[in-house]
Protein chains: 2
Amino acid sequence: MNRKTQTRDPELTRARILEAAEALFVEKGFSAVKLSELARAAEVTKSLIHHHFGSKEQLWEAVKNRAFERYFTAQMAMLEEAGEPDAALLRRSVEAYFHFLRDNPGVVRLFAWTHLEGDSHCGELDNQLVGAGAEWVRQTQLRGLLRADINPTHVIAVFVMTCTQWFEAKCHHQHWPGMGSDEAFLEDFLKIFMEGVTPRE
Amino acid sequence: MNRKTQTRDPELTRARILEAAEALFVEKGFSAVKLSELARAAEVTKSLIHHHFGSKEQLWEAVKNRAFERYFTAQMAMLEEAGEPDAALLRRSVEAYFHFLRDNPGVVRLFAWTHLEGDSHCGELDNQLVGAGAEWVRQTQLRGLLRADINPTHVIAVFVMTCTQWFEAKCHHQHWPGMGSDEAFLEDFLKIFMEGVTPRE
DNA sequence: GCGCTAACTGGCCGGCCGGTCAATTAGCTG
DNA sequence: CAGCTAATTGACCGGCCGGCCAGTTAGCGC
């Protein structure tokens, strides 16, 4: 509580570097970031970055790991407080995921950079997330509350991908004629999605 | 027909540079590409690149413009050979778009890089594409063949975004447990999507 | 064939990139 | 308080980046 008025504080230094690095990497991607500007932004010498993280690449890995860890634990927490597997749960999951991405634009961009690098690490990370989600869908299908003729993983994938792309490509489609707000789009997507996964009477 | 055995051919040189540049930019993004490697790949001197395109930035713009032009005209062609506005047309449009992206992975990656740059140029380009598509949806809604309580632009957006993200984030979700092939996913997506936009009896 | 334009070449440049290193010193251990 | 570890500094490095320029020459109009 009282500490950190010292002149040296390696943990805080690491944190400052990580913070500045995440902001810059999120904005410009790995190769467009210069260590010099990063050092300036973190109010740290370039040498300190190397001292704490070894190289630019290793720092990039550290930034990604930290961010994806946060993403993962946040999703895991949502998952655990879920209730009975039914259509309402699916709807709430979509809403929660959409709003999580809206509130964490950095994660969305990090995912995008990572995809372009072809790095599949982030995908492996949420294997159990998707696995659990798909299992719920399957159970809901068995209870007759969702259409049974659709691969449960695909159900998860469809809403994850739509939400992700909405925020990832915002600059692309936000000026399309007739395009609505975040909430208006979410509502329309849910109309289509929920109707599409619900069994006919 | 016979020409191009000459020692000089500016058009072919430009084309060679554009070709090599597109391949490299698609793979690595703007800032990770070095003019030296690009020159080597195009079998051209670095000076020649500057001679024909001015700067690295201008070359990047030229590459994007050319690619998006191709995308635009291809979509426009599809649009013109469409028939009566009904649900079947919508389904065929989704299939056509999905397969176009599958067959043009470079375009998908260029879009992704462009989105991360925050460049909205590509979005403005297909304003009329989306406008026309939304208008069709609206007409189909008026004829009672699609649900009328959904913003037509959002209908277009949902399938465009799902298709795009499927290919953009392939490395992310291709190893998810239970994930199917391109065609299996498309089929399931169409089940959800078409059912979701069709009016109840 | 003559001359002009522009395609093309090779050498060069200033700057800054990521990274290293030796020296300094704060802060903990005993 | 001594002694050690590691956080921190600033000077420095080789390499290569994007870009420039003076000079050469192919091809075309006249």
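Labels below follow one simple rule: chain letters A, B, ... track the order of the sequence lines, proteins then strands, and each chain is numbered from 1.
For K56(A), taking side-chain heavy atoms from C-beta onward, the closest of the listed nucleotides dT9(C), dG19(C), dG18(D) is dG19(C). Distances from the side chain of P10(B) to the nucleotides dG19(C), dC8(C), dA26(C) place dC8(C) closest. Checked against dT24(C), dA7(C), dC17(C), the side chain of R8(A) finds its nearest nucleotide in dT24(C). In the set dG10(C), dG19(C), dT9(D), the nucleotide with an atom closest to the side chain of L35(A) is dG19(C).
Atoms NZ (K34(A)) and P (dC17(D)) sit 12 Å apart, rounded to a whole Å. Distance, R14(B) CZ to dA6(C) C1': 13 Å, rounded to whole Å. Atom-to-atom, NE2 of H50(B) to P of dC12(C) comes out at 18 Å; the value is rounded to the nearest Å. As rounded to whole Å, 13 Å separates atom P of dC17(C) from atom CG of L24(A). The separation between H52(B) atom NE2 and dT9(C) atom C1' is 12 Å, rounded to whole Å. Taking atom CD of residue E57(A) and atom C1' of nucleotide dC17(C), one finds them 13 Å apart after rounding to whole Å. Rounded to an integer number of Å, the gap from H51(B) NE2 to dG19(D) P is 16 Å. Rounded to an integer number of Å, the gap from D9(B) CG to dC28(D) P is 10 Å.
One finds no side-chain N or O of S55(A) lying less than 4.0 angstrom from the OP1 or OP2 phosphate oxygen of dG18(C). Contact annotation: T7(B) side-chain N/O to dG27(D) OP1/OP2 distance is under 4.0 Å.
You'll find a donor-acceptor pair under 3.5 Å spanning the side chain of K46(B) and the base of dG18(D), going by distance alone. Looking at S47(A), its side chain has no donor and acceptor atom pair within 3.5 Å of the base of dG19(C).
To the nearest 0.5 Å, the span separating CD on E124(B) from CZ on F68(B) amounts to 12.0 Å.
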Could you walk me through whether W176(B) and D126(A) pass side-chain hydrogen bond (donor to acceptor under 3.5 Å, both in side chains), step by step? CA-CA 8 Å; W176(B) 281 358; D126(A) 55 13; 3.1 Å; yes
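For an aromatic pair to be called close, the ring centres must be under 6.0 Å apart, and F159(A) with F98(A) fails this.
For residues 31-58 of chain A, the set of pairs meeting the ring-ring contact (aromatic ring centres under 6.0 Å, His included) definition, not counting sequence neighbours, is empty.
With DNA chain C read from its 5' end, the first of the two nearest nucleotides for S36(A) and G54(A) is the one closest to S36(A).
The aromatic rings of W166(A) and H173(A) lie parallel to each other, their planes meeting at an angle below 30°, with 60° marking the opposite boundary.
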